[in-house]
Amino acid sequence: MMALCLKQVFNKDKTFRPRKKFEPGTQRFELYKKAQASLKSGLDLKAVVQLPPGESINDWIAVHVVDFFNRINLIYGTMSEYCTEKSCPIMSGGLKYEYRWQDDSKYKKPTKLSAPQYMCMLMDWIEMLINNEDVFPTRIGVPFPRQFQQVCTKILTRLFRVFVHVYIHHFDSIINMGAEAHVNTCYKHFYYFIREFSLVDHRELEPLVRMPQGWGG
């Protein structure tokens, strides 16, 4: 299982951004531990992503958004030396899909960026959001903002594009590292989660809809 082996396969020193951690003793930390225990037990991934009885859906989504950020950050950080301005001058998923960057500060209109630039902007942007107490509150009794799930949809949609780029442009590097099974498991976990809660528009999933493993239908 990827949950057990990922840190052995990938080089922690190459993490693209520092890992976001849950504070011990908090409800979110306990929920995270519960999710990790389910993963490590080898349960079916479709079952693992389901909301545990009695838990808040926003807490469950928050835990997974942070965990997926950490995992995808680690995957991309490990193979980022193969993703350069020269090899990937456009952030894309093959010839059919091109992803432009837009935010509320530097790039107010959708802008063409190289894949490394896009990844850097993306990880900075997600890190800023998950560390923002107004968006991802950590204190007990502080409610999630009304637009929380919309924010998470945007984060997860953009993280899905990392999978698209890695699978279509860099999967040979993943295979050469012997990490294919682990990346596939991470992708399946992510895919089942976003489908379980309808968090990413189905049109965004099209680039990987015909995965050779048969998921994505």
Side-chain angles (χ1 to χ4, degrees), residues 2 6-7 9-22 61-136 147-148 150-177 179 182-183 186-187 189-191 193-194 199-201 204-205 207-208:
M2 195 273 300
L6 185 65
K7 59 188 175 185
V9 173
F10 292 118
N11 184 347
K12 278 187 172 180
D13 295 336
K14 291 187 177 179
T15 301
F16 202 54
R17 289 288 181 278
R19 289 174 64 84
K20 165 79 173 178
K21 295 181 180 177
F22 299 99
I61 291 173
V63 162
H64 281 80
V65 166
V66 173
D67 192 38
F68 288 135
F69 166 70
N70 284 337
R71 291 174 186 275
I72 295 166
N73 169 29
L74 184 57
I75 288 170
Y76 182 73
T78 300
M79 45 73 56
S80 59
E81 65 188 279
Y82 307 106
C83 182
T84 65
E85 301 284 331
K86 186 175 180 181
S87 69
C88 305
I90 295 171
M91 174 58 182
S92 61
L95 298 174
K96 193 175 176 184
Y97 301 95
E98 179 184 314
Y99 302 118
R100 299 187 178 189
W101 181 258
Q102 184 176 15
D103 54 37
D104 296 325
S105 51
K106 188 175 180 182
Y107 298 100
K108 297 193 175 179
K109 292 181 180 178
T111 304
K112 274 189 181 187
L113 296 178
S114 68
Q117 286 176 304
Y118 186 100
M119 299 296 186
C120 193
M121 296 301 298
L122 174 59
M123 299 305 175
D124 279 347
W125 174 74
I126 297 174
E127 194 173 35
M128 176 194 70
L129 285 171
I130 62 179
N131 286 313
N132 184 339
E133 283 286 329
D134 293 332
V135 182
F136 278 74
Q147 74 278 17
F148 177 70
Q150 291 150 280
V151 172
C152 289
T153 285
K154 199 165 185 180
I155 291 172
L156 293 167
T157 297
R158 288 178 169 182
L159 281 175
F160 182 80
R161 294 170 182 177
V162 181
F163 278 120
V164 173
H165 185 75
V166 166
Y167 269 116
I168 293 175
H169 296 277
H170 301 293
F171 201 56
D172 55 341
S173 301
I174 296 294
I175 291 171
N176 290 339
M177 286 188 284
H182 307 297
V183 175
C186 184
Y187 172 72
H189 186 200
F190 182 94
Y191 176 82
F193 185 80
I194 60 177
L199 289 166
V200 174
D201 190 289
E204 285 281 344
L205 306 181
L208 297 183

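Residue numbers count from 1 along this sequence. The basis for the numbers below is simple: all heavy atoms, side chains too, and nothing from hydrogens, waters or symmetry mates.
Ring centroids of H64 and F193 are separated by less than 6.0 Å, placing the two rings close together.
For E85, the side chain to side chain donor-acceptor pair (under 3.5 Å) partners are S114, not counting sequence neighbours. Here T84 pairs with S87 under the side chain to side chain donor-acceptor pair (under 3.5 Å) rule; sequence neighbours left out.
Under the 4.5 Å side-chain criterion, counting only non-hydrogen atoms from C-beta, Y99 is in contact with V164. The shortest side-chain heavy-atom distance between I155 and V151 falls under the 4.5 Å cut-off. Within the 4.5 Å cutoff, the side chain of M91 has no heavy atoms near those of the Q117 side chain. Using a 4.5 Å heavy-atom threshold, the side chains of I126 and N73 count as separate. You'll find the side chain of Y118 stays beyond 4.5 Å of the side chain of R100, heavy atoms only. For the pair F68 and H189, the minimum side-chain heavy-atom distance is below 4.5 Å. P207 places none of its side-chain heavy atoms less than 4.5 Å from the side chain of Y167. In this structure, Y97 and I168 have side chains that are not in contact, with every pair of non-hydrogen atoms separated by 4.5 Å or more.
For C88 against P116, the heavy-atom pair with the smallest separation is O-CD, 3.7 Å. Here the shortest heavy-atom pairing between F163 and I75 reads CE2-CD1, 4.4 Å. The nearest pair of heavy atoms linking C152 to F136 is SG-CZ, 4.0 Å.
In terms of modelled atom types and a separation under 3.5 Å, the side chain of H165 and the main chain of G93 share no donor-acceptor contact. Put simply, the side chain of N176 gets close to the backbone of D172: a donor and an acceptor are under 3.5 Å apart. One N or O on the side chain of T153 and one on the backbone of L199 form a donor-acceptor pair closer than 3.5 Å. The main-chain N or O of K108 is found under 3.5 Å from a side-chain atom of Q102 such that the two form a donor-acceptor pair. Judged by distance alone, the side chain of D67 and the main-chain N or O of V63 form no donor-acceptor pair under 3.5 Å.
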(request) Verify side chain to side chain contact (heavy atoms under 4.5 Å, CB included) between Y187 and F160, making sure each step is shown before the conclusion. (result) CA-CA 9 Å; Y187 172 72; F160 182 80; 3.5 Å; yes
(request) In sequence, state the C-alpha distance, the side-chain angles, and the governing distance for D201 and T157, and then conclude on side chain to side chain contact (heavy atoms under 4.5 Å, CB included). (result) CA-CA 8 Å; D201 190 289; T157 297; over 6 Å; no
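Note that CE of M128 and OG of S105 are 7.0 Å apart. Values are rounded to the nearest 0.5 Å. Rounding to the nearest 0.5 Å gives a distance of 9.0 Å between CE of M121 and OG1 of T111. Here the CD1-CE distance, from I72 to M123, works out to 7.0 Å after rounding to the nearest 0.5 Å. Here the straight-line distance linking atom CD1 of I61 with atom CZ of F148 works out to 6.5 Å at 0.5 Å rounding. Put simply, CG on L113 and CE on M119 are 11.5 Å apart, with the number rounded to the nearest 0.5 Å. Considering OH of Y76 and CG of L159, their distance stands at 13.0 Å, rounded to 0.5 Å.
No more than 12 heavy atoms of other residues, nucleotides or ligands sit less than 6.0 Å from atom CG of D104.
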